[in-house]
Amino acid sequence: MIQLENVTKNFDGPNGKVTALNDISLALSAGEMLVINGHSGCGKSTLLLTAAGMLRPDSGNVRLLGKYNPYDLNADQRSRMRAGSIGFVFQQFHLIPYLTVRENILTPLLSLDKENPDQRTQALIEQFGLKERSDHVPSQLSTGERQRTALARAVFNQPQIIFADEPTGNLDEDNAEIVLKHLRDYVSAGGSVLLVTHHAKAAEYATRILKMKNGRLENN
Ligand SMILES: Nc1ncnc2c1ncn2[C@@H]1O[C@H](COP(=O)(O)OP(=O)(O)OP(=O)(O)O)[C@@H](O)[C@H]1O
Ligand SMILES: [Mg+2]
């Protein structure tokens with residue numbers, strides 16, 4: 001599903017070059033939930049964005065779904081591939097503030113031509129425990145409900161891969177476990193999850209754990 005070969009990414013900072021990814025190689029198959037742990041600044045978010053086709057590496061290869069190098073596609077092809085095959089979950093939810101739970105879950109549809117989506121939306125609302133809140137806008141939700149809405153949106157198009165960057169960073173332990181469990185269920189159903197975090201608990205839900213340090217991956 002995800003393949004990285006010798007990927008390196010440097011940033012130009014005010015004090016010179018920062019090597020955020022240093023010769024990273026990695027392969028992730030369907031049915032895997034890979035959790036990458038590491039301290040702040042070790043390169044986790046950079047790794048996620050590079051693997052997801054959102055940040056071009058300086059060198060090395062990225063391959064998604066066994067076929068695409070996302071950086072060989074033009075911007076339009078790349079966003080269609082993302083919309084159809086990839087879901088994202090972030091620490092800050094990134095919900096649209098003036099849309100309800102139901103409407104937020106539906107937004108991935110805007111980029112694809114799908115049939116009547118009401119049934120799918122309703123099923124997700126129920127699966128993610130949002131039945132009583134489906135007409136609320138994000139400011140009328142708890143943080144756990146916001147992240148569950150973001151998760152329902154991430155899985156709406158039945159993507160093969162979910163990329164998650166600190167998805168439990170703003171949640172209490174109970175809600176964090178609910179979110180991790182949903183991600184694990186999605187993996188059990190055949191999806192792949194690449195999750196980067198410094199939350200130790202996430203490792204309990206992983207099928208594989210790697211540690212990241214100074215832009216490099218280490219086996220745990
Ligand atoms: N646009 C940028 N310009 C310069 N340096 C950057 C840029 N983006 C990230 N960095 C640096 O690259 C390194 C890796 O950043 P990254 O955001 O990937 O870390 P992280 O592991 O996700 O940290 P956190 O756990 O705090 O989110 C950091 O040292 C950061 O300061
Ligand atoms: Mg980060």
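Being a predicted model, the structure only gives us computed values, none of them experimental. Both ligands and their constituent atoms are indexed starting at 1 by order of listing.
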- Could you name the protein residues that come within less than 4.0 Å of ligand 1, counting only heavy atoms, and order them by chain and residue number? Phe11, Val18, Ala20, His39, Ser40, Gly41, Cys42, Gly43, Lys44, Ser45, Thr46, His198
- Item | Flag for Ser45-Asp165: side-chain donor and acceptor within less than 3.5 Å | yes
- Message: Check this for me, if you would: do Glu145 and Arg133 make a salt bridge, where the nitrogen-to-carboxylate-oxygen distance has to be below 4.0 angstrom?
- Response: yes
- Message: For a quick test of reading the model, state the closest non-hydrogen atom pair linking Phe156 to Arg120 and the distance between them.
- Response: O-NE, 2.7 Å
- Query: Would you say the side-chain atoms of Arg82 pair up with the backbone N or O of Ile86, donor to acceptor, closer than 3.5 Å?
  - Reply: no
- Item | Minimum heavy-atom distance between Pro167 and Val89, given as atom pair plus value | CB-CG1, 3.9 Å
- Query: If you draw a sphere of radius 2.8 Å around the Mg ion (ligand 2), how many protein N/O/S atoms end up strictly inside it?
  - Reply: 1
- Residues in ring-ring contact (aromatic ring centres under 6.0 Å, His included) contact with Phe93, at least two apart in sequence or another chain: none
- Query: Side-chain contact, heavy-atom cut-off 4.5 Å: Val7 with Leu26?
  - Reply: no
- Ala83 and Asn157 have their tightest heavy-atom pair at O-ND2, 3.0 Å
- Message: For Val137, give me all partners under side-chain contact (heavy atoms from CB on, under 4.5 Å), at least two apart in sequence or on another chain.
- Response: Thr100, Ser139, Gln140
